[in-house]
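Encoded as structure tokens, the structure appears first; notes follow it.
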Amino acid sequence: MSIKENLLKLNEEIPSNVKLIAVSKTNPVEKILEAYQCGQKVFGENRVQELIEKQPKLPDDIEWHFIGHMQSNKVKYIASYISMIHSVESLKLLQEINKEAQKKNRIINCLLEMYIAKEETKFGLDYEEAVAIIESEEYKKMQNIRICGVMGMATFSEDTELVRNEFKDLKTIYHQLKSKYFCEDKYFREISMGMSGDYTIAIEEGSTIVRIGTAIFGER
């Protein structure tokens, strides 16, 4: 199916309260533009170098999300336009995002990346590490970042119950953090989980953001 047909199918399946991020990594500008012309305005990249090459060649009203492992020394290259960074998994990285956002006189939305999978290759925090960041004096001084929720990647597996339980775990973590630290903050409302192979389960388990690449652009 074409990019247009894929997007039409996804937009019929995905509830209006769930944001669809088209994961454009490794796809050329032409394909991103094709999706954009079909009405898709939110895109995700996972490599800074690739993003900074593509961003100037594409329309200014694209909402860019960074969804990959982020190195602190790369934040400065995207701080002027990135809408949300999904992959915050250290206080050091959060400090760097805050510093670069301050230079640009803006606030950058962030998600805490939680480790929920049974795979050692995945990144992320456990609950205690997330709490340590939120309770730190350094975090309390930050004025240019906003923690809007959590992100997680399930195990790459055909065991749907395993995947479902990992998504349930992420939702539980979200509610724990929300009730303890963000109960008054309307912006803390995002659970970013679900990709091309498991987004339907993620939505059933409470995802508010799905990150879909292959099901839009086809196999890389």
Side-chain angles (χ1 to χ4, degrees), residues 14-21 41-46 61-70 72 75-76 78-116 122-154 166-195 199 202-211:
I14 295 171
S16 59
N17 63 320
V18 177
K19 178 174 284 191
L20 168 61
I21 297 178
K41 299 292 173 69
V42 187
F43 292 86
E45 289 282 336
N46 74 336
D61 63 338
I62 284 179
E63 181 182 315
W64 289 105
H65 290 238
F66 191 82
I67 59 173
H69 181 57
M70 170 64 84
S72 297
V75 174
K76 58 179 178 267
I78 61 172
S80 62
Y81 57 83
I82 201 73
S83 176
M84 180 176 279
I85 295 174
H86 289 229
S87 45
V88 174
E89 36 91 31
S90 72
L91 179 61
K92 178 188 173 188
L93 177 56
L94 205 57
Q95 287 173 304
E96 192 66 23
I97 297 168
N98 185 70
K99 183 181 83 175
E100 295 301 331
Q102 192 173 28
K103 289 179 186 176
K104 303 296 182 184
N105 195 31
R106 62 189 301 255
I107 293 171
I108 295 178
N109 292 326
C110 297
L111 300 178
L112 295 176
E113 182 173 5
M114 307 304 300
Y115 182 80
I116 57 170
K122 299 283 197 299
F123 294 96
L125 303 158
D126 61 29
Y127 179 75
E128 289 73 21
E129 289 168 332
V131 166
I133 290 173
I134 294 165
E135 290 186 351
S136 69
E137 290 306 312
E138 292 90 341
Y139 167 71
K140 291 169 186 173
K141 294 172 187 172
M142 294 181 197
Q143 301 292 313
N144 292 82
I145 56 95
R146 184 186 292 124
I147 295 179
C148 298
V150 295
M151 182 268 254
M153 295 174 67
E166 290 172 354
F167 288 150
K168 285 181 189 291
D169 289 344
L170 187 60
K171 189 176 183 183
T172 297
I173 290 167
Y174 164 81
H175 282 302
Q176 288 172 328
L177 295 175
K178 175 75 173 174
S179 62
K180 190 168 184 182
Y181 300 105
F182 299 98
C183 58
E184 302 296 322
D185 300 317
K186 291 183 179 178
Y187 58 79
F188 191 91
R189 61 176 183 266
E190 306 295 0
I191 306 174
S192 173
M193 61 186 186
M195 301 188 292
Y199 69 89
I203 291 169
E204 288 169 6
E205 296 305 328
S207 176
T208 66
I209 301 174
V210 290
R211 313 178 303 272

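Counting begins at 1 with the first residue of the sequence.
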Around atom [atom1] of [X], are there more than 12 heavy atoms of other residues, nucleotides or ligands at under 6.0 Å?
X    : atom1 : result
K140 : NZ    : yes
N105 : CG    : no
K104 : NZ    : no

Beyond-backbone contact of [X] with [Y], side-chain heavy atoms, under 4.5 angstrom:
X    : Y    : value
Q95  : M142 : yes
D126 : Y115 : no
E190 : N109 : no
L93  : V75  : yes
D185 : I147 : no

S83 side chain vs H65 backbone, donor-acceptor pair below 3.5 Å: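 Checking the backbone N and O of H65 against the side chain of S83, no donor-acceptor pair under 3.5 Å is found.
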Donor-acceptor under 3.5 Å (N46 side chain, I67 main chain):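 No: the side chain of N46 does not pair with the backbone of I67.
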Interatomic distance, [X] atom [atom1] to [Y] atom [atom2] [nearest 0.5 angstrom]:
X    : Y    : atom1 : atom2 : answer
M70  : I85  : CE    : CD1   : 4.0 Å
I133 : L112 : CD1   : CG    : 6.0 Å
Y81  : I62  : OH    : CD1   : 11.0 Å
I107 : Q143 : CD1   : CD    : 8.0 Å
L94  : C110 : CG    : SG    : 5.5 Å
E100 : I145 : CD    : CD1   : 14.0 Å

What are the two closest heavy atoms between [X] and [Y], and how far apart are they?
X    : Y    : value
V18  : S207 : CG2-O, 3.4 Å
S87  : F66  : OG-CD2, 3.9 Å
R189 : T208 : O-CG2, 3.6 Å
S72  : E96  : O-CG, 3.1 Å
M153 : I116 : O-CG1, 3.5 Å
C148 : M84  : CB-CE, 4.0 Å

Option among M195, E63, E45, H86 that satisfies the side chain to side chain contact (heavy atoms under 4.5 Å, CB included) test with I21: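 So, applying the side chain to side chain contact (heavy atoms under 4.5 Å, CB included) to I21 and each of M195, E63, E45, H86, only H86 qualifies.
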Name of the residue among R211, M193, M114 meeting side chain to side chain contact (heavy atoms under 4.5 Å, CB included) with M151: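 Among R211, M193, M114, the one meeting side chain to side chain contact (heavy atoms under 4.5 Å, CB included) with M151 is R211.
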Could you list the donor-acceptor pairs under 3.5 angstrom formed by side chains in residues 167-174, with sequence neighbours left out?
{"unit_1": "K168", "atom_1": "NZ", "unit_2": "E205", "atom_2": "OE1", "d": "3.2"}
{"unit_1": "T172", "atom_1": "OG1", "unit_2": "K168", "atom_2": "O", "d": "3.0"}
{"unit_1": "Y174", "atom_1": "OH", "unit_2": "F188", "atom_2": "O", "d": "3.3"}

